[in-house]
Protein chains: 2
Amino acid sequence: MSPSSRSASPSQPRTLAHPERDEISLEAVLHALSDPVRLQVVRYLAGLAEGEGAACSAIELVVSKSTGTHHFRVLREAGLISQVYRGTAKLNALRRADLDALFPGLLDAVLGADAARRERDVS
Amino acid sequence: MSPSSRSASPSQPRTLAHPERDEISLEAVLHALSDPVRLQVVRYLAGLAEGEGAACSAIELVVSKSTGTHHFRVLREAGLISQVYRGTAKLNALRRADLDALFPGLLDAVLGADAARRERDVS
DNA sequence: ATGCTTATACGATAAGCATCGTAGTACGGC
DNA sequence: GCCGTACTACGATGCTTATCGTATAAGCAT
C-alpha cells in the first residue's frame, strides 16, 4: 500500500490523519498519558506558546528514534497532539483547545500534578 | 494443603497491601483509569458517600468474576481505591483524599468529562 | 546530482495485559 | 459439622504494546 492514508487525492503530499474533536475518547487520552515518555512530550509541548510547535528532534527522549516516532504517533492518534509537516521537520503541537473543551481541567490537573511531583522529588 | 498458611503474623489475618500516599504515581493512576471497566468502578465508587464502601459484587461488570478481581487489584495497587475485608465481603472505597491531595482536580476532571460524554451520547 | 538532516516504514522480539475457567480459601449461618 | 456466599490464586491464551535496528523517503543546501 502507499505510505500512509492518502486515499484519493494525489495532490496532498504529506498529511497525517488526526481524530476529530468528538472522536477523541477519554480512555485513549488517559492511556496515552500513562507512559512516561509520552508524558514528557506533552509536558514539553505544554510549555510552548499557544499555537507554536516543536520538531520531534527538539525533545530529547531516552528512547531510540523509531520508538520516539511510535510514541508521537500514539499521541496523535489519541488526539493529544497535532502533527504537521514543514520542510524536513514535523511540527508537533498540543491540541489544548480540543482537550480543554472535551475534558475541562484534565490537562491542567495532569500537568500540575506532574510539576508538583517534580518539585517534591528534587527536595 | 495446609489450612493455615499464616505463620508469621497471627494478629492481622487478612489485610491487603496498599501503597502509601507518596508512593502513588501519576502514570500508574492514569493507566488504571484508562480501562473502561476500571473507569466504571471508579465512577460507581465516586457516587457513594464519603467513607462508604461497596462490595465487589455490588457493581455489575460485563466481565467474569476473576477478571473483575483483577481490575480491583489493579485499582488498589495503583492507589485509587482501598480494600478492606469485612466478613466474607470486601469493601472498596475511593481514596479521594489521597488523590485530591496528590493530583488536585484530576479525579473531578476525569469524572466530569466522563459524565459529560455520557450525556452527549444519549442525545 | 550528492550528501545531510529528519522522520517513517518494516520486521522482529519480548514483555505486558485483559480475559477466561477451574479450583480453592475464608467467613457466616444452619 | 456442612453448605452457601464472596472473593482469590493459578495457569492458559491471545492480543496489544514498547522496544530496537535497518532500510527508505522527503526535503534542503551545496
Side-chain angles (χ1 to χ4, degrees), chain A residues 1-6 10-18 25 27-28 30-41 53-78 81-93, chain B residues 1-7 9-18 25 27-28 30-41 53-78 81-93:
Chain A
M1 283 266 279
S2 53
S4 347
S5 47
R6 230 173 308 148
S11 55
Q12 287 276 23
R14 299 218 287 159
T15 36
L16 295 158
H18 292 74
S25 93
E27 285 94 337
L30 292 173
H31 175 249
L33 289 173
S34 72
D35 183 281
V37 175
R38 293 194 288 262
L39 203 52
Q40 181 187 346
V41 171
C56 296
S57 56
I59 313 170
E60 286 193 12
L61 302 176
V62 292
V63 293
S64 81
K65 217 81 205 297
S66 44
T67 303
T69 300
H70 161 70
H71 286 303
F72 277 103
R73 181 216 275 262
V74 171
L75 285 170
R76 189 191 72 234
E77 293 182 343
I81 66 171
S82 66
Q83 297 190 294
V84 179
Y85 280 104
R86 188 182 157 183
T88 84
K90 188 156 77 170
L91 287 192
N92 304 280
Chain B
M1 267 222 289
S2 49
S4 61
S5 50
R6 248 178 292 142
S7 47
S9 54
S11 53
Q12 288 282 20
R14 295 218 292 160
T15 38
L16 295 158
H18 293 71
S25 94
E27 284 94 337
L30 292 174
H31 175 247
L33 290 173
S34 72
D35 183 280
V37 175
R38 292 194 289 262
L39 204 48
Q40 182 186 346
V41 171
C56 296
S57 55
I59 313 171
E60 287 193 11
L61 302 176
V62 291
V63 293
S64 79
K65 216 83 204 297
S66 44
T67 304
T69 300
H70 161 70
H71 285 304
F72 276 104
R73 182 217 277 261
V74 171
L75 285 170
R76 189 191 72 234
E77 293 183 343
I81 66 171
S82 67
Q83 298 190 293
V84 179
Y85 280 104
R86 188 182 155 181
T88 86
K90 187 156 77 170
L91 287 191
N92 304 279

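Basis for what follows: all heavy atoms, side chains included, without hydrogens, waters or symmetry-related copies. Naming: A, B, ... by sequence-line order, numbering from 1 per chain.
Side-chain N/O atoms of A:T88 include none lying less than 4.0 angstrom from OP1 or OP2 on D:dC28. A sub-4.0 Å separation between OP1 or OP2 of D:dT16 and a side-chain N or O of A:H31 is absent. Put simply, B:R38 has a side-chain N or O that comes within less than 4.0 Å of OP1 or OP2 on C:dA18.
Candidate nucleotides D:dC7, D:dC20, C:dA18 were compared by shortest atom distance to the side chain of A:V63, and D:dC20 ranks first. When the nucleotides C:dT5, C:dG21, D:dA18 are ranked by their closest atom to the side chain of B:S64, C:dG21 comes out on top.
Among the protein residues, A:S57 comes within range of the sugar-phosphate backbone only, with heavy atoms under 4.0 Å from sugar or phosphate atoms but none that close to a base. Looking at heavy-atom distances under 4.0 Å, A:F72 makes no contact with the nucleic acid at all.
Shown here, D:dC28 forms a base pair with C:dG3; the pair counts as Watson-Crick or G-U wobble because both key distances fall under 3.5 Å. The partner of D:dT22 is C:dA9, by the rule that a Watson-Crick or G-U pair needs both atom distances under 3.5 Å.
Computed from coordinates, the A:K65 NZ to D:dT24 C1' distance equals 14 Å when rounded to whole Å. Atom CD of A:E27 is separated from atom P of D:dT16 by 16 Å (rounded to the nearest Å). As a whole-Å value, the separation of A:E77 CD from C:dA9 P is 10 Å. Spacing between atom NE2 of A:H70 and atom C1' of C:dC10 amounts to 14 Å, rounded to whole angstrom units. For the pair A:Q83 CD and C:dA9 C1', the interatomic distance rounds to 15 Å; values are reported in whole Å. Atom P of nucleotide D:dC7 and atom CZ of B:R73 are separated by 15 Å, given to the nearest angstrom. The interatomic distance linking B:D35 (CG) with D:dT17 (P) rounds to 12 Å, in whole Å. Between the OH atom of B:Y85 and the P atom of D:dC7 there is a distance of 9 Å, rounded to whole Å.
Under 3.5 Å, the side chain of A:S66 and the base of D:dG21 form at least one donor-acceptor pair of N or O atoms.
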